[in-house]
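First up is the structure itself, then whatever we jot down about it.
Keep in mind that this is a model prediction, so the values were computed, not measured. Each chain gets a letter, A, B and so on, in the order its sequence line appears, and its residues count up from 1.
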Amino acid sequence: MLTDLAPQAGLPLLQNLNPEQLAAVTLPAGNALILAGAGSGKTRVLTTRIAWLLQTGQVSPGGILAVTFTNKAAKEMMTRLAAMLPVNVRGMWIGTFHGLCNRFLRAHWKLAGLPSTFQILDTQDQLSAIKRLMKQFNVDDERFPAKQTQWFIAGAKEDGLRPRDIEARSEDDRKKIELYQLYEEQCQREGVVDFGELMLRSYELLRDNDPVREHYQRRFRHILIDEFQDTNRLQYAWIKMLSGAIVEGTFHPGGNSVIAVGDDDQSIYAFRGARVGNMADFVREFDVRQQIKLEQNYRSYSNILDSANALIGHNTKRLGKNLRTEQGPGEPVRVYESTSDFAEAQWMVDEIRQLARDGIDRSEMAVLYRSNAQSRVIETALFNASVPYRVYGGLRFFERAEIKHALAYLRLLENKDDDTSFLRVVNFPPRGIGARSIEQLQDAARARGQSLHDAVGLLGGKAGSNLSAFVAKIDVLREQTQGISLREIIELVLDHSGLIEHYKADREGADRLENLDELVNAAESFVTQEGFGRDAVALPVDELRQSAASQGIDTSRPLLDIPLADLAPDADTGETLSPLAAFLTHAALESGDNQAKAGQDAVQLMTVHAAKGLEFDCVFITGMEEGLFPHENSMSDRDSLEEERRLMYVAITRARKRLYLSHSQTRMLHGQTRYNLKSRFFDELPDSALKWLTPKNQGFGQFGGGMTSAGRAGGSSGSRFGSGYGGGNRAPETYGSGAVPIQKAAPAHGLRISQQVFHNKFGEGTVTALEGSGDDARAQIKFSRHGIKWLALSVAKLTPV
DNA sequence: ATGAACGCAATTTTT
DNA sequence: TTGCGTTCAT
């Protein structure tokens, strides 16, 4: 059977693959799309494919380009590959889009018009660079918030657009384009590139430089892209360029093999430029003949999968795919309704403790939520119950202020013109350089078109002498760090910058000192792990050829690469970067672990986005309410609603054995109690797979259709809470504090959820949510003709129907 | 130059 | 409600 699909099925590498996986792994050269469902062994297929290509002698390591979205995924691929084959992993280009572009630009910095020491701006740095720019040009930051400008610039780059490529449709557009242009000039002057620039510069160099492009096109015979649904326009164009398949807009047969692996149902990053449409474009533009669906799921029981399948079936724009499992139904998906977010958290804590008593590791339990703000109540409840937990997200290691400060000093050693870094530390720790002196310096620098560092000499007076002392310190440090180890460099800089001393004097500096210590460790392990000069294991090319030939695989294509040096004399593999430069790049491209520290067995708390790619035995999806999940900002148009649904799909498919969904009648949000309907997604799940832990029907609790409106307005409190709901009869004091404002906030306007109302302008509608009280009271109303709107009840004239 | 006081906004996030 | 950034007062 299997041997019909591929004569090489006997290879140990290919054992235990299902037919679809095997087909994907052994696809003949050519472009292909692999639709890989959640838990279908996608990473395994990708890595096995690479291993197979190498083992059968179809390509040498240098001919492989594998792109992932995150460092974690790249690392995993490397590790797995190294375990499969004794191969020189470093010869392959496996990494993130940005990591690979960096590698490329380090090799071709001159052609790309960059200084060899160019530094990478992360999102924070970019924002501060933009703020500085806008201040300098006196841009009204009310009208053009820096954040928005940043969004504009990043968005343009993701679409591959330079300022001159953008058409101004309004005065505001014109200004933004101008700012983009000025920002570019500033970055160029300072020798820094942002994330988008890494991609765009690489793309442009490939596009504009024939020998370079041809070299890489000839080199990368096999291009593999993971999480293809998350690629943006520019990344797609970059792949197209490297593939050599598209020449002047038309498909060019004989290009490299491009294999795109993705899942349109798990596309959840449209908001940051990801374009699912790339999948369809790829099929069309690359003339894809081979499409393989990996639908066999090895993760979850069928009640969970059926729920996921049913839910995602409500999306219209899909390539079409259904997950299946051989694992039997398993437990039903449990649904719980609580009276308040406190009660929801309390219920969850009780459930978690029970699961722990039943012997499930806490690290196999995940609590997922749509937005970070929701974690607080849950954390409090877990904390009070002394249940160990771990929250994912938040500041990462290299993003912490003290680390950024230390890095800024280090960056100045590498690149004195990096004004962003200069400004970050010129007066930190404080050394008597105030805002005025800095302004003077900036003026002088601007007038001469110099960097802040170089302009210091132009200033006299006291300000000048303090600044000169700072610059001298940096320059001396630069001298002193020549020829010493990375560890020593960092220790020296930490010491001489005054950072250590500063934090020692700070009563609350202990954590920061610890982090600075950690930075030294990070550098240490970076040097050993990245393996400067590590011995590579050579691949026995001749043997491979023979083995390939014996299996009837065409080995006539040459295996050896065309040496880069022949084509681009200034090329440099990037591996001669100084350890410091390499470390700074590493810090910018891998902001460090987002994973909370390992340690004791703890419940995992994270957003649904953060959970993508992970799996757990037990999963709680909380806050399943209209306005929260789907999020209110995404409820009005179809595309974003579909993205919310995909998000829910991702959430559901994280669970292996047990899945809980919970929603609450009331929730504290932005300091106000909100009354939310339960999520529409409940209606899209199969009843047969669900088990309601609380009575279903009542729908929306005390505000639901079952009650008369008279019961609501001033209402005698007592019976409103608790009756019939699990949350109501447990330790009420725990969340009593939550109940009080709820009662006070009982609406006086007499509206209730699901009530029909009439509005003079919008016509008839249904109340779908209420929040606030008194003059602040607002109602969300779904109008039959005008969609969903929030109306302030003190303003809007609504008549009950 | 540091802390208090005020105003404001408040999904999702990797590189 | 919270957290942040800016401004004001010491």
If the [atom1] atom of [N] is compared with that of [M], how far apart are they to the nearest Å?
N      : M       : atom1 : answer
dC4(C) : dT13(B) : P     : 16 Å
dG5(C) : dT12(B) : C1'   : 23 Å
dT6(C) : dT11(B) : C1'   : 25 Å

Answer yes or no: is there an ion pair linking Arg674(A) with Glu632(A), defined by an N-O contact shorter than 4.0 Å?
yes
Of the nucleotides [options], which has the atom closest to the [X] side chain?
X         : options                   : result
Thr96(A)  : dT15(B), dT2(B), dT12(B)  : dT15(B)
His609(A) : dT13(B), dT15(B), dT11(B) : dT13(B)
Asn372(A) : dT13(B), dT11(B), dT15(B) : dT13(B)

Interatomic distance where [atom1] belongs to [X] and [atom2] belongs to [N] [whole Å]:
X         : N       : atom1 : atom2 : value
Leu614(A) : dT14(B) : CG    : P     : 12 Å
Glu643(A) : dT13(B) : CD    : C1'   : 12 Å
Met635(A) : dT12(B) : CE    : C1'   : 16 Å
His631(A) : dT11(B) : NE2   : P     : 6 Å

Sorted by chain and number, sequence neighbours left out, ring pair (Phe, Tyr, Trp, His ring centres under 6.0 Å) with His609(A) holds for Tyr269(A), Phe271(A)
By ring pair (Phe, Tyr, Trp, His ring centres under 6.0 Å), which residues pair with Phe620(A), not counting sequence neighbours?
Trp347(A), Tyr660(A)
Does Thr123(A) get its side chain close enough to the base of dT15(B), under 3.5 Å, for a donor-acceptor pair?
yes
Using only heavy-atom distances, decide whether a donor-acceptor pair under 3.5 angstrom links the side-chain of Arg272(A) to the base of dT14(B).
yes
Is Phe271(A) stacked on the base of dT12(B) when the test is centres under 5.5 angstrom and planes under 30 degrees?
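Phe271(A) vs dT12(B): stacking yes.
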Contacts of [X] that satisfy salt bridge (charged side-chain N to carboxylate O under 4.0 Å, His left out) - sequence neighbours left out:
X         : result
Glu414(A) : none
Glu197(A) : Lys157(A), Arg162(A), Arg201(A)
Asp230(A) : Lys612(A)

Which nucleotides of nucleotides 1-10 of chain C have their base under 4.0 Å from a protein heavy atom (B), which only their sugar-phosphate (S), and which neither (-), written as one string 5' to 3'?
BSS-------
Option among Phe97(A), Phe220(A), Tyr203(A), Tyr216(A) that satisfies the ring pair (Phe, Tyr, Trp, His ring centres under 6.0 Å) test with Trp238(A):
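When Phe97(A), Phe220(A), Tyr203(A), Tyr216(A) are each tested with Trp238(A), the ring pair (Phe, Tyr, Trp, His ring centres under 6.0 Å) holds only for Phe97(A).
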Under 4.0 Å, heavy atoms only, any strand: does Asp194(A) hit a base, just the sugar-phosphate, or nothing?
nothing
With a 4.0 Å cut-off on heavy atoms, is Glu227(A) in touch with a base, just the backbone sugar-phosphate, or nothing at all?
nothing
Using heavy atoms to find the nearest nucleotide of DNA chain B for Ser591(A) and Arg370(A) separately, return the residue whose nucleotide is more 5′.
Arg370(A)
Do the side-chain N or O atoms of Thr607(A) get closer than 4.0 angstrom to the phosphate oxygens (OP1, OP2) of dT13(B)?
yes
